[in-house]
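Written below as structure tokens is the structure these notes are about.
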Protein chains: 2
Amino acid sequence: MPADLRSHHLRTLAYLLSRGARHNFVPVTTSELGRAVGRSQQAASRHVLDLEEGGLLERGPAPAAAAGRGVSLRITQRGYSEMARVYEELRGAMESHPSHVELDGVLVSGMGEGAYYMSLDGYTAQFRERIGYVPFPGTLNVRLSEARHVSAAVRLDQVGGELIDGFSDGRRTYGWVRCFAGSVNGAVGCHLIRLERTHHDPATVEVISRSNIRRACGLEDGSPVSIRLPM
Amino acid sequence: MPADLRSHHLRTLAYLLSRGARHNFVPVTTSELGRAVGRSQQAASRHVLDLEEGGLLERGPAPAAAAGRGVSLRITQRGYSEMARVYEELRGAMESHPSHVELDGVLVSGMGEGAYYMSLDGYTAQFRERIGYVPFPGTLNVRLSEARHVSAAVRLDQVGGELIDGFSDGRRTYGWVRCFAGSVNGAVGCHLIRLERTHHDPATVEVISRSNIRRACGLEDGSPVSIRLPM
DNA sequence: ATTACTAAAACTCGAGTAC
DNA sequence: TGTACTCGAGTTTTAGTAA
């Protein structure tokens, strides 16, 4: 019996627990246990023996008169404690994990193209409808500092976000824009935007906001910027 | 990569999840992962490879400039689903398992001794104080039908219950009585009693109640009786 | 029907080590 | 420092089968 609970042992205990084996001896067959954990009857028999030897499970009197008619099993206090330990470890991870994308980088100056495009009527009308405001004319360009952040930013395109449709003004067409709500440096609300057509390399992302973030946060070129997008 | 999540794979994912790997690439070293799951660096490296091959984990660009400086890992949608599946299986067992002892048997007629003893002043005064009533004079004798229920009943002696002290009337001494609150046939409230000195074999248990259960439930000798004791 | 043994195959591990 | 390969040892599996 290894020190930690192997998954088949855990699943065996979980099955027995749901059958009421915390306080009663429950009659089961090893085939049934094997089916419950997706292993053979022989393996399940072994698991029960392991768990008994480890003091996690105890065996009661055989259910019926005839021989070889299954076993009666109950989970010991120790067995339940072990289950609880594993459960808490998993619960801790599942229920309180950070659920946002974080993109860190430094502020860089753009050429003003972002501001120009985002001010076009074809976009501003949709911004008002989809994200509730018309962006301050002037986007924040952030150069992501690590490759893993770039990767994360690129993946956003597959994740969704608010879609602003592209349009045509008769002379040329403008691509779609995807907006992801979030905040800059843990304070100012913003949207990170992903453009269908961009002149930036993938390491640079653009951020829009209701107001002038650059001024509101006292940022200048080279200032560290952390963008946090709740998922 | 086996079909089900082995415990080391699960724990690796849980650690990464708590580090935020659900939505971001997290930089880690395999030694760190090994420490987190109590295995060697080599094993942890293997686990990461396994999880990648199974599509549960994906690797991002290496964190820093130099070679061999750790890895960036993120949990895939599939990986998270697998974790959620296991978590739900375990949660279902841990949070909604039957938490009562059930003892099934048939009603048998006693000799009336139970009723006699339980009516002694040395007991009745304590009954009133500890369980809130003086039992109807006449205990219900239930012969447990299966050995596993007998086992469960015997174990109750170690579990606790309301203790009624023994006493002496000068001529002889009377043993302690332990009371366990519960219900008969899912309806009538009762207490199962365990006696320090009993004339019954272990397969027969006695039940007391405020009223006459035999009449209230329309029971006669041979009627099936199910005693349920919440834990 | 069962449980659980044996044997062999498959898997997992850590040590040693290449890069 | 790092990752991750090979390899020998230990563990876990299933098939076959005795009781």
Side-chain angles (χ1 to χ4, degrees), chain A residues 1-13 15-16 19 21 25-54 56-74 146-148 151, chain B residues 1-16 19 21 25-54 56-74 146-148:
Chain A
M1 183 79 186
D4 62 339
L5 265 191
R6 306 304 251 228
S7 67
H8 46 261
H9 291 137
L10 180 63
R11 298 188 63 198
T12 300
L13 289 174
Y15 176 75
L16 288 169
R19 289 283 311 275
F25 282 110
V26 309
V28 290
T29 68
T30 52
S31 319
E32 175 187 353
L33 285 176
R35 231 174 301 119
V37 306
R39 291 287 125 90
S40 67
Q41 172 270 320
Q42 293 90 332
S45 172
R46 214 5 328 143
H47 300 160
V48 171
L49 261 15
D50 293 340
L51 289 165
E52 267 185 287
E53 192 190 337
L56 272 40
L57 210 52
E58 58 190 351
R59 186 180 301 240
R69 285 293 168 138
V71 292
S72 276
L73 299 173
R74 182 169 59 190
E146 293 182 45
R148 63 195 179 93
S151 256
Chain B
M1 181 78 186
D4 63 340
L5 265 189
R6 305 304 251 227
S7 66
H8 46 262
H9 291 138
L10 179 64
R11 299 188 63 199
T12 299
L13 289 174
Y15 176 74
L16 288 169
R19 289 284 311 275
F25 281 110
V26 179
V28 289
T29 68
T30 52
S31 317
E32 176 187 350
L33 285 176
R35 233 174 300 118
V37 305
R39 290 289 124 89
S40 67
Q41 173 272 320
Q42 295 90 331
S45 171
R46 243 288 39 107
H47 300 161
V48 170
L49 260 15
D50 292 342
L51 289 165
E52 267 186 288
E53 192 191 337
L56 271 40
L57 211 52
E58 59 190 351
R59 184 179 303 240
R69 285 294 167 139
V71 293
S72 275
L73 299 173
R74 182 168 60 189
E146 294 183 43
R148 64 195 177 94

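Lettering follows sequence order; numbering is per chain, from 1.
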Open item on the list: I need the CG-P distance between Leu33(A) and dT12(D), as an integer number of Å.
Closed with: 17 Å
Task: Presence of Arg6(A) side-chain N/O under 4.0 Å of dC11(C) phosphate oxygens OP1/OP2 - done: no
Open item on the list: Using the side-chain heavy atoms of Ser31(A), tell me which of these nucleotides is nearest: dT3(C), dT12(D), dT3(D).
Closed with: dT3(C)
Task: Length of the CZ-C1' vector between Arg35(A) and dT14(D), whole Å - done: 17 Å
Task: Side chain of Arg39(A) (C-beta onward), nearest among dG14(C), dA4(D), dT14(D) - done: dT14(D)
TODO: Enter the distance from His9(B):NE2 to Leu56(B):CG here, rounded to the nearest 0.5 Å.
DONE: 9.0 Å
Open item on the list: Mind checking if Ala43(B) touches a base, just sugar-phosphate, or nothing, with heavy atoms under 4.0 Å?
Closed with: sugar-phosphate
TODO: Kindly indicate whether the side chain of Tyr15(A), heavy atoms from C-beta on, has any atom under 4.5 Å from the side chain of Leu33(A).
DONE: yes
Task: Any His9(A) side-chain N or O less than 4.0 Å from OP1/OP2 of dT12(D) - done: no
Task: Value in whole Å for how far the C1' atom of dT2(C) lies from CG of Leu49(A) - done: 15 Å
- [ ] Look at all strands and tell whether Thr29(A) reaches a base, only sugar-phosphate, or nothing, counting heavy atoms closer than 4.0 Å.
- [x] sugar-phosphate
Open item on the list: If I take atom NE2 in residue His8(A) and atom P in nucleotide dC11(C), what distance separates them, rounded to the nearest angstrom?
Closed with: 15 Å
TODO: State, to 0.1 Å, how close Leu16(A) and Leu73(A) come at their nearest heavy-atom pair, and which atoms those are.
DONE: CD1-CD1, 4.0 Å
TODO: Determine yes or no for a side-chain-to-main-chain donor-acceptor pair under 3.5 angstrom, with Ser45(B) supplying the side chain and Gln41(B) the backbone.
DONE: no
TODO: State the CZ-CG distance between Arg59(A) and Leu51(A), to the nearest 0.5 angstrom.
DONE: 10.5 Å
TODO: For the side chain of Gln42(A), starting at C-beta, report the closest nucleotide among dG14(C), dG16(D), dA4(D).
DONE: dG16(D)
- [ ] Spell out, as yes or no, whether a donor-acceptor pair under 3.5 Å connects the side chain of Arg148(B) to the backbone of Ser72(A).
- [x] no
- [ ] Mind calculating the distance between CZ (Arg69(B)) and P (dA4(D)) to the nearest angstrom?
- [x] 15 Å
Task: Whole-Å distance separating the CG atom of Asp50(B) from the C1' atom of dT3(D) - done: 15 Å
- [ ] Any chance you could measure Arg46(A), atom CZ, to His8(A), atom NE2, to the nearest 0.5 Å?
- [x] 10.0 Å
- [ ] State, to the nearest 10°, the angle formed by the axis through the first five base pairs of the helix from dT2(C)-dA19(D) to dC19(C)-dG2(D) and the axis through its last five.
- [x] 30°
Open item on the list: Without decimals, in angstroms, what is the distance between Gln41(B) CD and dG16(C) C1'?
Closed with: 12 Å
Task: Side-chain N,O (His47(A)) to OP1/OP2 (dT13(D)) below 4.0 Å - done: yes
TODO: Would you mind classifying the nucleic acid contact of Thr30(A) as base, sugar-phosphate or nothing, using non-hydrogen atoms under 4.0 angstrom?
DONE: sugar-phosphate
Open item on the list: In this structure, how many angstroms lie between the P atom of dT12(C) and the CZ atom of Arg46(B), rounded?
Closed with: 9 Å
